[in-house]
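First the structure, in the form of structure tokens, and then the observations on it.
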Number of protein chains: 2
Amino acid sequence: MINHPPLPHDHGHTPQDLSCPPAQQLQEAADCFRLLGDASRLRLFCLLCQCEECVINLSALMGMSSPALSHHLRQLKSCGLVVSRREGKEVYYRAADTPQARLLHQTALQLAYAEDGT
Amino acid sequence: MINHPPLPHDHGHTPQDLSCPPAQQLQEAADCFRLLGDASRLRLFCLLCQCEECVINLSALMGMSSPALSHHLRQLKSCGLVVSRREGKEVYYRAADTPQARLLHQTALQLAYAEDGT
DNA sequence: ACAACAATTAAACATATGTTTAATTATTTG
DNA sequence: CAAATAATTAAACATATGTTTAATTGTTGT
């Protein structure tokens, strides 16, 4: 709980304690949201939640160049949303098997399909 | 379900049908994520999920100028995540009472506090 | 009508971001 | 070892974004 300083105006309907995640955790949550805030990357993430694929096939599926895709994959990986493994010449990517990844995937689907998610 | 064209490589472990929300709905979901992809805006949204406040008080709570705040509020409003009402000289903002807003708030808290959200 | 306060808008600016093109690294195969 | 394929990295570019400052609009009270 965060106890905020006195406010310029007192309208009598603001709780003295407003809970808010600490700055660092808030930033990490924001980083996850930001990654999925690009339609291409969100679609990529959704694909990677359903299959494991090499970069060339992902390029074809996404209609996007390999370098562009590599860039997005690295970002998703840096936040722990996807993982990769090399097999011969190819590197396979898939969504990470973590609570965060599952949560964000479900949230994305619920947002897109407008199902009630409460 | 989306039936994708043949891929450059056949590794034998990719489903022929990969479901993905239609472009427009995907874009709307991405827009919501993008809005919460900024730490300041995410914190603002969390505050507005707990109280209704005027811009000056939100400025004080956020440690941010009124114009900067107005800018963020307009974006959150344009996506339907917050609503406003004027009362005299002041305009009060609060989180929208919609499934999307509730879903995103819960997701943000779960991400930040690292609770298992599956 | 005028002054004071609240909020928004507009312009300007620096920074961040997504994509392209070209170059580089890694791995397999002839 | 050289050629071919897969992936990444680097440089360059245009565009988008967050914030500041200054100007404008809206509302209340004298």
Side-chain angles (χ1 to χ4, degrees), chain A residues 7-11 13-14 23 26-27 30-45 47-48 52-79 81-94, chain B residues 7-11 13-14 23 26-27 30-45 47-48 52-79 81-94:
Chain A
L7 300 177
H9 291 189
D10 182 8
H11 306 297
H13 53 67
T14 298
L26 200 82
Q27 182 64 58
D31 286 340
C32 286
F33 282 138
R34 183 175 47 77
L35 285 181
L36 302 185
D38 175 77
S40 294
R41 214 152 41 213
L42 180 56
R43 177 148 160 268
L44 175 59
F45 177 67
L47 289 178
L48 292 175
E52 183 188 53
E53 264 303 347
C54 65
V55 177
I56 284 206
N57 279 358
L58 289 171
S59 283
L61 286 167
M62 292 289 298
M64 185 178 271
S65 72
S66 293
L69 207 54
S70 259
H71 187 240
H72 289 308
L73 288 167
R74 185 165 58 153
Q75 291 185 77
L76 289 171
K77 197 178 171 185
S78 79
C79 231
L81 258 37
V82 310
V83 295
S84 66
R85 85 188 153 82
R86 179 177 276 274
E87 187 176 311
K89 278 185 284 192
E90 283 138 15
V91 176
Y92 290 89
Y93 284 87
R94 65 175 189 276
Chain B
L7 300 177
H9 291 189
D10 181 8
H11 305 297
H13 53 67
T14 299
L26 201 82
Q27 182 64 58
D31 286 340
C32 287
F33 282 138
R34 184 175 47 77
L35 284 180
L36 302 185
D38 175 80
S40 294
R41 214 151 42 212
L42 179 56
R43 177 150 161 267
L44 174 60
F45 178 66
L47 289 179
L48 292 174
E52 183 188 52
E53 265 303 348
C54 65
V55 177
I56 285 204
N57 279 359
L58 289 172
S59 283
L61 286 167
M62 292 288 300
M64 185 178 272
S65 71
S66 294
L69 207 54
S70 260
H71 185 60
H72 290 309
L73 288 167
R74 184 164 58 152
Q75 291 185 78
L76 290 171
K77 198 178 170 185
S78 77
C79 232
L81 257 38
V82 310
V83 295
S84 67
R85 84 188 153 84
R86 180 176 275 275
E87 188 175 311
K89 278 185 286 192
E90 282 137 16
V91 175
Y92 289 89
Y93 284 86
R94 66 175 188 277

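Values reported hereafter were calculated over all heavy atoms of this structure, with side chains retained and with hydrogens, waters and symmetry mates removed. The sequence lines fix the lettering, A, B, ..., with proteins before strands; numbering per chain opens at 1.
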Choose from [options] the nucleotide whose nearest atom is closest to any side-chain atom of [X].
| X | options | answer |
| --- | --- | --- |
| B:S40 | D:dT19, C:dT21, C:dT19 | D:dT19 |
| B:M64 | C:dT19, D:dT19, D:dT8 | D:dT19 |
| A:C54 | C:dT19, D:dT20, D:dA7 | D:dA7 |

Inset, instruction - May I ask you to say what B:Q75 touches in the nucleic acid, namely base, sugar-phosphate or nothing, with a heavy-atom cut-off under 4.0 Å? - result: sugar-phosphate
Legend entry - Sugar-phosphate only, base, or nothing, as touched by B:Y93 at under 4.0 Å among non-hydrogen atoms: sugar-phosphate
Legend entry - Backbone N/O of B:G88 and side chain of B:R86: donor-acceptor pair under 3.5 Å: yes
Legend entry - Rounded distance (nearest 0.5 Å) linking atom CG of B:L26 with atom CZ of A:R43: 7.5 Å
To the nearest Å, give me how far apart [atom1] ([X]) and [atom2] ([N]) are.
| X | N | atom1 | atom2 | answer |
| --- | --- | --- | --- | --- |
| B:L73 | C:dT8 | CG | P | 7 Å |
| A:R74 | C:dG18 | CZ | P | 12 Å |
| B:L36 | D:dT17 | CG | P | 14 Å |
| A:D38 | D:dA16 | CG | C1' | 11 Å |
| B:R85 | C:dT8 | CZ | P | 14 Å |
| A:L35 | C:dT17 | CG | P | 10 Å |
| A:E90 | D:dT5 | CD | C1' | 9 Å |
| B:H72 | D:dT19 | NE2 | P | 4 Å |

Inset, instruction - Let me know, please, whether A:K89 or A:A68 comes out on the 5' side of the other along DNA chain C by nearest nucleotide. - result: A:A68
Inset, instruction - Anything under 30° is parallel, anything over 60° is perpendicular, the rest tilted; go ahead and classify A:F33 against B:F33. - result: parallel
Looking at [X], I'd like to know whether one of its side-chain N or O atoms comes within less than 4.0 Å of OP1 or OP2 on [N].
| X | N | answer |
| --- | --- | --- |
| A:R34 | C:dT17 | yes |
| B:R86 | C:dA7 | no |
| A:S65 | C:dT20 | yes |
| A:H9 | C:dA6 | yes |

Legend entry - Partner of A:V55 by side chain to side chain contact (heavy atoms under 4.5 Å, CB included), out of A:S66, A:P67, A:S84: A:S66
Inset, instruction - Would you name the heavy atoms of B:D31 and B:C79 that are closest together and state the gap between them? - result: CB-SG, 4.0 Å
